[in-house]
Amino acid sequence: MDLLQEPRVMRKLDWVIGLCLHGILLAVLLWGVLVTLAGAVPRERSAEEFWARLKAGDVTYVAEKRDYSTPETRVDLRWSTGPLTWYHSTDLYSRGQKDLRESGWTEVVHRSPYEGTGRWLLSVWPLRVPDPGTGPVVQIAWCFALLIMLVTKRTRLANRWAWLWLFTIGQIGALLYLLLEPRPLWWGPEEREPMDPPIGGFVGFFLAVVISMVIGLI
């Protein structure tokens, strides 16, 4: 008579620690995605509103793109009054230099170049989170997720090479890994058998390329 084998169960403390760690890292990365999405699709506002909000001290971040194709250099501004409140406006650069110096530009505004379209939406997105407070935290969380993936001995859905391609080229690998590996967050501590066969490096590379192309069309 065959004996039923009980499923292997990991220590409850280890499961709780892993669940909390994955949940925290996933929440940080999802917040970073939300901030990146908000920055990629800013609402249109007039240049006058930008200068008024800047002088009032409400602007927390400005990214600029200069247009040298006109006789007077024009600046394309993407600016924020908070992580999820992003706006877009333009003004002449000559006016911008003068007004920004008078308003204390270097003290109240973080300045960096950006791309005007949304095609960079999630391209190397952990390095492109526009909010200066959110960006470093997201980068640390992404690195921790990558480290966890590399040191985990047993994965369920794909091998390390496949996950590595999804982390880098595919961009969303960290989110999927924290949600699904080595068990989905909604599972209990019982271990489950890995997928047979798991996704290999070649298939993982193909999936990562396809995902990155889809993201690039956004």
Side-chain angles (χ1 to χ4, degrees), residues 2-40 82-84 120-216 218:
D2 294 334
L3 297 177
L4 294 176
Q5 292 184 346
E6 293 292 333
R8 290 175 296 179
V9 180
M10 68 186 303
R11 289 194 310 167
K12 189 171 183 178
L13 179 60
D14 293 340
W15 171 68
V16 171
I17 292 175
L19 181 66
C20 292
L21 181 59
H22 278 230
I24 292 171
L25 294 177
L26 182 61
V28 172
L29 292 178
L30 287 175
W31 174 250
V33 171
L34 190 60
V35 173
T36 304
L37 288 170
L84 299 179
W120 60 273
L121 192 55
L122 290 180
S123 178
V124 292
W125 71 270
L127 303 178
R128 303 292 294 275
V129 178
D131 182 63
T134 303
V137 179
V138 170
Q139 293 162 20
I140 292 173
W142 187 88
C143 290
F144 264 108
L146 178 63
L147 180 62
I148 290 173
M149 184 274 291
L150 292 175
V151 301
T152 298
K153 295 181 179 180
R154 190 183 187 205
T155 55
R156 192 178 61 87
L157 297 176
N159 64 22
R160 286 192 182 92
W161 274 110
W163 279 117
L164 184 62
W165 295 127
L166 290 170
F167 263 69
T168 51
I169 297 175
Q171 307 300 331
I172 61 173
L175 299 171
L176 294 178
Y177 184 88
L178 292 171
L179 184 65
L180 301 174
E181 290 280 16
R183 59 177 54 74
L185 288 183
W186 55 89
W187 282 7
E190 297 81 11
E191 291 192 13
R192 310 292 179 95
E193 291 300 320
M195 189 169 65
D196 186 24
I199 297 174
F202 179 79
V203 176
F205 177 80
F206 175 77
L207 290 175
V209 171
V210 171
I211 292 172
S212 67
M213 292 174 64
V214 172
I215 292 174
I218 298 177

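Nothing fancy with the numbering, it's 1 onward along the sequence. What you see below is based on every heavy atom in this structure, not just the backbone, and it leaves out hydrogens, waters and symmetry mates. Quantities reported herein were computed from a predicted structural model and do not represent experimental measurements.
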**Item:** Closest heavy-atom pair and its distance - Arg183, Arg156
**Value:** CA-NE, 4.3 Å
**Prompt:** Do you know which two heavy atoms are closest between Pro83 and Ala38, and how far apart they sit?
**Reply:** O-CB, 4.3 Å
**Message:** If I compare all heavy atoms of Lys153 with all of Arg160, which pair ends up nearest, and what's the gap?
**Reply:** CA-NH2, 3.5 Å
**Request:** Taking side-chain hydrogen bond (donor to acceptor under 3.5 Å, both in side chains) as the test, write out the residues that go with Trp142, two or more places apart.
**Result:** none
**Asked** Side-chain contact, heavy-atom cut-off 4.5 Å: Asn159 with Ile199?
**Response** no
**Prompt:** Taking only residues two or more places apart in sequence or in another chain, which ones pass side chain to side chain contact (heavy atoms under 4.5 Å, CB included) with Val16?
**Reply:** Lys12, Cys20
**Prompt:** side chain to side chain contact (heavy atoms under 4.5 Å, CB included) with Ile148: which residues, sequence neighbours excluded?
**Reply:** Leu21, His22, Leu25, Thr152, Tyr177
**Prompt:** Yes or no on side chain to side chain contact (heavy atoms under 4.5 Å, CB included) for Leu180 and Trp187, after CA distance, side-chain angles and deciding distance?
**Reply:** CA-CA 10 Å; Leu180 301 174; Trp187 282 7; over 6 Å; no
**Asked** Stepwise, does the side chain to side chain contact (heavy atoms under 4.5 Å, CB included) test hold for Leu164 with Met149?
**Response** CA-CA 8 Å; Leu164 184 62; Met149 184 274 291; 4.3 Å; yes
**Message:** When you measure from the side chain of Gln171 to the backbone of Ser212, do you find a donor-acceptor pair of N or O atoms at a distance under 3.5 Å?
**Reply:** no
**Asked** Of all heavy-atom pairs between Ala162 and Gly200, which one has the smallest distance, and what is that distance?
**Response** CB-O, 3.3 Å
**Request:** Taking side-chain hydrogen bond (donor to acceptor under 3.5 Å, both in side chains) as the test, write out the residues that go with Thr134, two or more places apart.
**Result:** Trp31, Asp131
**Request:** Show your reasoning for whether side chain to side chain contact (heavy atoms under 4.5 Å, CB included) applies to Leu176 and Trp163.
**Result:** CA-CA 9 Å; Leu176 294 178; Trp163 279 117; 3.8 Å; yes
**Heavy-atom side-chain contact between Leu175 and Val33 under 4.5 Å** = yes
**Message:** Tell me every residue that passes ring pair (Phe, Tyr, Trp, His ring centres under 6.0 Å) with Phe205, counting only those two or more places apart in sequence or in another chain.
**Reply:** Trp165
**Closest non-hydrogen atom pair, Ala141 against Val28** = CB-CG1, 3.7 Å
**Item:** Residue list, side chain to side chain contact (heavy atoms under 4.5 Å, CB included) with Leu19, at least two apart or on another chain
**Value:** Trp15, Leu185
**Message:** Working to the nearest 0.5 angstrom, can you tell me the gap between Leu26 CG and Leu179 CG?
**Reply:** 6.0 Å
